[in-house]
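First the structure, in the form of structure tokens, and then the observations on it.
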Amino acid sequence: MENDYSDKDETLRGHDDGQDWDQVDPGPDGDTEDEDAQDNEARASAADAARDAARGAGRTIADGFSAMRDVHHVTRQHSTARTRMKSMQDALDADRATLDHRDEIMEGYDAIVSEQTETINATEKEMSDAQACIERLQAERDDLRARLEQMKAEHEQALRPYKKLSESAKGRSDDAALMVAEAKRAIRTAEGQVKDASAHRDQNIASATHALDSSQDRLRRVQDELTRLQTDPNSKPNAIAQMQSEIAAELAHVEVARNEVTSATNEAQSLVDNAQTHLWTQKQSLESAQRESDAARQEAADRKAEYDELHSEADAQEKQLSDAIDARSASIDDSKSTYDEAASRFDAAQALLAEAEDIHDTPEVTEQLRRSIEEQSQAIADQHAQIEDLARSERSLRESTRSQRLVFAAIIVAIVVVVALVVWFVLLKG
């Protein structure tokens with residue numbers, strides 16, 4: 001573009017130097033060169049317009065930013081002034097309350113001195129009486145505690161023999177109970193022996209009886225055979241003699257079997273009788289042990305009841321002293337509470353009296369506080385006027401820069417939107 005402008009300038013200079021336009025040879029492409037010149041001039045005009053628009057947009061942003069900054073500065077000044085005024089007002093209110101209090105004390109000084117002095121004297125007496133009561137109750141409680149310890153020692157010594165008797169009776173009862181248990185186990189053993197002996201007796205008698213029955217059965221068969229032979233005429237004498245010999249032998253076997261039945265019965269019955277005698281003896285031992293156990297258990301119960309009764313009486317006597325000690329402790333706590341309450345009223349009265357005397361003795365402090373309040377009131381009035389000026393300035397500035405701030409805000413929003421669209425497009429492409 002700079003070369004085009006240079007050529008044009010050269011042509012113009014040539015015309016100014018006295019050359020005739022008609023003498024300039026446009027050449028065969030003269031019309032094309034004119035169109036290029038016109039295009040160059042249009043582009044130059046567009047570039048100038050773009051630069052002017054850019055400079056205008058920059059000034060708009062700068063003006064909008066400056067307007068926002070100025071409004072923020074004025075607003076902060078206004079807020080700071082209000083905060084300072086509130087702090088000043090709080091300090092003034094506190095000083096006014098202090099002044100009112102001092103004036104009230106000064107007005108009622110005589111009544112305050114009289115009332116608090118009376119309270120101090122009364123609470124001193126209450127504390128003295130409470131302290132004396134506490135000391136008396138503590139002495140009584142200590143005496144009761146000593147008596148209780150002595151009573152416990154005496155009761156322990158008096159109850160010791162009864163306790164030992166109860167324990168001894170309990171031991172004898174336990175031993176007797178063990179003897180009963182042993183006797184019951186011995187009876188169960190003896191009953192088993194009787195049962196075993198009876199079963200053995202029955203078995204032996206049954207076995208001997210079976211042998212006797214067998215011998216008698218054989219004897220009957222042999223006798224029947226002998227009778228048949230004797231009635232048979234064809235029987236030989238030798239056979240009859242042989243059969244008679246067998247009958248004699250079987251008779252001997254029957255007699256032996258009968259004797260064995262008698263012997264087995266007598267012997268087994270003797271074992272059963274011995275076992276039953278042993279069982280009876282064990283039952284007698286159990287009855288004797290049971291009587292001794294019952295007597296020992298009753299003695300143990302009587303001894304324990306005697307000891308428990310004496311122990312209960314001792315506990316009741318000890319409880320009376322313990323209750324008396326607890327009552328003294330509760331009364332001591334009540335007296336301490338009374339003392340603490342009186343001491344609290346005493347301290348409060350002394351504090352009020354000291355404060356009243358201090359205010360009464362320092363009237364210059366009251367006057368100084370009064371002057372300070374007047375000065376603070378004036379300062380607050382001045383601060384209020386300043387706040388009104390700042391408020392008017394803020395309203396005026398807001399109104400005058402409203403359009404600039406709105407445009408600035410719109411530009412910022414547009415920039416944000418464009419950036420967001422660019423980022424979205426990049427992410428979409430990626």
Side-chain angles (χ1 to χ4, degrees), residues 82-152 316-384:
R82 285 186 173 277
T83 302
R84 184 169 180 274
M85 181 176 176
K86 184 179 183 306
S87 176
M88 294 169 64
Q89 186 63 51
D90 291 342
L92 176 61
D93 293 341
D95 287 346
R96 280 177 175 171
T98 302
L99 179 61
D100 293 340
H101 179 68
R102 292 180 71 90
D103 289 340
E104 183 180 357
I105 294 296
M106 287 297 297
E107 291 177 1
Y109 173 74
D110 294 336
I112 291 173
V113 171
S114 175
E115 181 180 352
Q116 300 309 317
T117 301
E118 182 180 355
T119 301
I120 288 172
N121 294 333
T123 52
E124 282 181 341
K125 185 177 185 307
E126 288 183 24
M127 287 189 292
S128 178
D129 294 342
Q131 183 62 36
C133 183
I134 291 171
E135 293 174 357
R136 176 178 60 79
L137 292 171
Q138 286 177 339
E140 293 178 0
R141 184 180 62 180
D142 294 340
D143 179 65
L144 290 171
R145 285 175 174 173
R147 287 171 55 189
L148 178 60
E149 293 301 323
Q150 182 180 359
M151 180 181 290
K152 287 182 178 179
Q317 294 175 3
E318 292 174 6
K319 188 176 185 303
Q320 289 180 353
L321 285 181
S322 180
D323 291 343
I325 292 172
D326 293 339
R328 297 301 189 283
S329 298
S331 299
I332 289 172
D333 292 339
D334 293 340
S335 297
K336 286 182 177 179
S337 298
T338 301
Y339 181 90
D340 293 340
E341 292 174 0
S344 178
R345 296 198 306 272
F346 176 83
D347 294 339
Q350 278 195 329
L352 288 175
L353 183 60
E355 182 187 22
E357 291 177 349
D358 178 69
I359 292 174
H360 181 268
D361 294 339
T362 56
E364 68 280 2
V365 175
T366 302
E367 294 304 321
Q368 182 180 358
L369 182 60
R370 201 183 308 279
R371 290 193 298 272
S372 175
I373 289 173
E374 294 176 356
E375 294 173 357
Q376 290 180 66
S377 298
Q378 183 60 45
I380 288 175
D382 296 341
Q383 183 70 14
H384 182 72

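When every heavy atom of Ser377 is checked against every heavy atom of Arg96, the shortest pair comes out as OG-NH2, 3.3 Å. Of all non-hydrogen atoms in Glu318 and Leu148, the two that sit nearest each other are O-CD1, 3.6 Å. Closest non-hydrogen pair, Tyr339 versus Ala130, comes out as CB-CB, 3.9 Å. The shortest non-hydrogen separation linking Leu369 to Thr98 is CD2-CG2, 3.8 Å.
Heavy atoms from other residues, nucleotides or ligands lying under 6.0 Å from CD of Glu124 number more than 12.
Between Glu140 and Arg136 there is a salt bridge, since a side-chain N of the basic residue sits under 4.0 Å from a carboxylate O of the acidic one.
Contact check for Asp323 versus Gln320: no side-chain heavy atoms found under the 4.5 Å cut-off. Using a 4.5 Å heavy-atom cutoff, the side chains of Arg145 and Asp142 are in contact.
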Audit row: Leu321, Gln317, side-chain contact (heavy atoms from CB on, under 4.5 Å) steps and yes/no: CA-CA 7 Å; Leu321 285 181; Gln317 294 175 3; over 6 Å; no
Check the pair Thr117 / Asn121 against side-chain contact (heavy atoms from CB on, under 4.5 Å), numbers first and verdict last. CA-CA 6 Å; Thr117 301; Asn121 294 333; 3.9 Å; yes
Evaluate the side-chain contact (heavy atoms from CB on, under 4.5 Å) criterion for residues Gln376 and Met88: first the C-alpha distance (whole Å), next the side-chain angles of each, then the deciding distance (0.1 Å), finally the verdict. CA-CA 7 Å; Gln376 290 180 66; Met88 294 169 64; over 6 Å; no
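For the atom pair Asp382 CG and Met85 CE, the distance stands at 10.5 Å (nearest 0.5 Å). Atom CD in Glu357 sits 11.5 Å away from atom CD1 in Ile105 (nearest 0.5 Å). Going from atom CG of Asp326 over to atom CZ of Arg141 covers 10.0 Å, rounded to the nearest 0.5 Å. With rounding to the nearest 0.5 angstrom, the CD1 atom of Ile332 is 12.0 Å from the OG atom of Ser337. Distance NE2/His101 to CE/Met106: 12.0 Å, rounded to 0.5 Å. Atoms CD and CG, on Glu367 and Leu99 in that order, are 8.5 Å from each other to the nearest 0.5 Å.
For Asp103, the salt bridge (Lys or Arg N to Asp or Glu O under 4.0 Å) partners at least two apart in sequence or on another chain are Arg370.
Every pair passing salt bridge (Lys or Arg N to Asp or Glu O under 4.0 Å) that includes a residue from residues 332-356 is listed here, sequence neighbours excluded: Glu126-Arg345.
Under the 3.5 Å distance criterion, the side-chain polar atoms of Thr119 are matched with a main-chain donor or acceptor of Glu115.
For the residue pair Arg102/Thr362, the side-chain donor-acceptor check at 3.5 Å is satisfied. Side-chain atoms of Gln89 and Asp93 form a donor-acceptor pair, as typed in the model, at a separation below 3.5 Å.
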